[in-house]
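Read the numbers this way: they start at 1 and go in the same order the structure lists the ligands and their atoms. Numbers here simply count residues along the sequence, with the first being 1. These numbers come from a predicted model, not from an experiment.
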Amino acid sequence: MTTNNVTFDFDMIIPRQGTGSRKWDALDNVFGSEEVLPLWIADMDFSSPKAISAAIIERAKHPIYAYNIQESSLYQSIIQWAKKRHGWEIEQDWILLAPGVVPSISLSIFALSEPGDGIIIQPPVYPPFFTSIRDNDRKVVENPLIFRNGCYEMDFEDLEQKLADPQNKLLLLCSPHNPVGRVWSREELTKVHDLCQKYEVDVLSDEIHNDLVFQGHKHTVFASLGTPVCKQSVTFMAASKTFNIAGLNFSFIIVPCKRRRALIHAWITKLHIGRNNIFGGIGTEAAYREGDEWLDALLIYLEKNADTLIDFVQKKLPNVKVSKPEGTYLAWLDFRAYFPKDKELQTFLIHKAKVGLNAGKNFGTQGEGFARINIATQRSVLLEALTRIEKALQQHAEDVDN
Ligand SMILES: Cc1ncc(COP(=O)(O)O)c(C=O)c1O
């Protein structure tokens, strides 16, 4: 794939076995079988942009990896990226560095709520949304998405009821949404905003997938809507999904409100996680300074994969339902016509089709009979996985008939 005369080969298979990859090297542990083709955990089978490895290698040449500081150039790269790609103007003081989005969500929950408080989430949703609430002695309050005409929407009536309950202190938003692949429109986010303003509920907005948006859709940073509610909201971002550097354990929290920032910072200090990985900062800065062309090419490739998936499912797996993701590299497959129960579906996928997908039930009870597929892989691998499912479903139909 070529953009501005630079070529990126996303079709090239890069063997990952033996690199300590959670996706590829833990198959027996995760699926109980070494034979599955893994399209599960949200990382990509593509090389990161060369600028990232070059910057890391350059720093690695210096043989001392001792205590470090994060340079102001890193903060500037984050500020410029937010402005350039998302039209969001932020200030350096608002940025808190962290070792990942999930720990950042947990510590923001500590900082901005009390044990027993309700925290609203919109399932089916990324599983750590449940655990980061439950494990911290808060209450999960579900505002399930509505599945209408093959597409997921927010249930604003139910959301209003949940927000109106004074026990519920925070809304944890997933934007774009994992696993359903929605890129919430400005109108939808404005409705969320107006309700949160009415009931004075703070928003924690996980926008880790913000850069992964397909043609015809636009990511709106919740906090960029620009009102007092937005200033009170907390935004989680990282270069990790966009540039495939999740193993560098580096993310940032953007908190415009001074009081809330102080509360979150106090928890970072209390948990002693204020120190950041040397290579995380270097990789993030290189990505944001030099990653545009690579990302533009990646998005074209990923969208073609999404189209390939939809085409394959429509033609060859007609009783499986899926809608094209608007963003992320995740798609949400509805197998309920064959396997309404998750356990049977997983047994089928792992032992008959020999593919490793994420079990739908982990995303909430609404995910029963669904599976999440990660399409950020070479198209040939994606087609191999889909063909395995097709053949196994044919066999399943024959078994049922006999
Ligand atoms: C919505 C969402 N938030 C957070 C994460 C993980 O963030 P981190 O690895 O920085 O903890 C993921 C990974 O898939 C995700 O999809």
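Ring geometry for Trp94 versus Trp88: interplanar angle of 30 to 60°, hence tilted. Note on ring orientation: taking the six-membered ring where Trp is involved, the planes of Phe363 and Trp332 are perpendicular (angle over 60°, cut-offs 30° and 60°).
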Tabulating one pair per line, provide the atom names and distances (0.1 Å) for every N/O atom of ligand 1 that is less than 3.5 Å from a protein N/O atom.
| from | atom 1 | to | atom 2 | distance (Å) |
| --- | --- | --- | --- | --- |
| ligand 1 | 3 (N) | Asp206 | OD2 | 2.5 |
| ligand 1 | 10 (O) | Val101 | N | 2.7 |
| ligand 1 | 11 (O) | Val101 | N | 3.2 |
| ligand 1 | 11 (O) | Val102 | N | 2.9 |
| ligand 1 | 14 (O) | Lys241 | NZ | 3.0 |
| ligand 1 | 16 (O) | Asn178 | ND2 | 2.7 |
| ligand 1 | 16 (O) | His209 | NE2 | 2.8 |

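The side-chain tip of Arg379 points at the ring of Tyr301 from less than 6.0 angstrom away and within 45° of straight on.
No salt bridge links Glu368 with Arg336; every basic N to acidic carboxylate O contact stays at or beyond 4.0 Å. A salt bridge is absent between Lys191 and Glu187; no separation between the charged side-chain nitrogens and carboxylate oxygens falls under 4.0 Å. Looking at Lys198 and Asp194, no side-chain N of the basic residue comes within less than 4.0 Å of a carboxylate O on the acidic one, giving no salt bridge.
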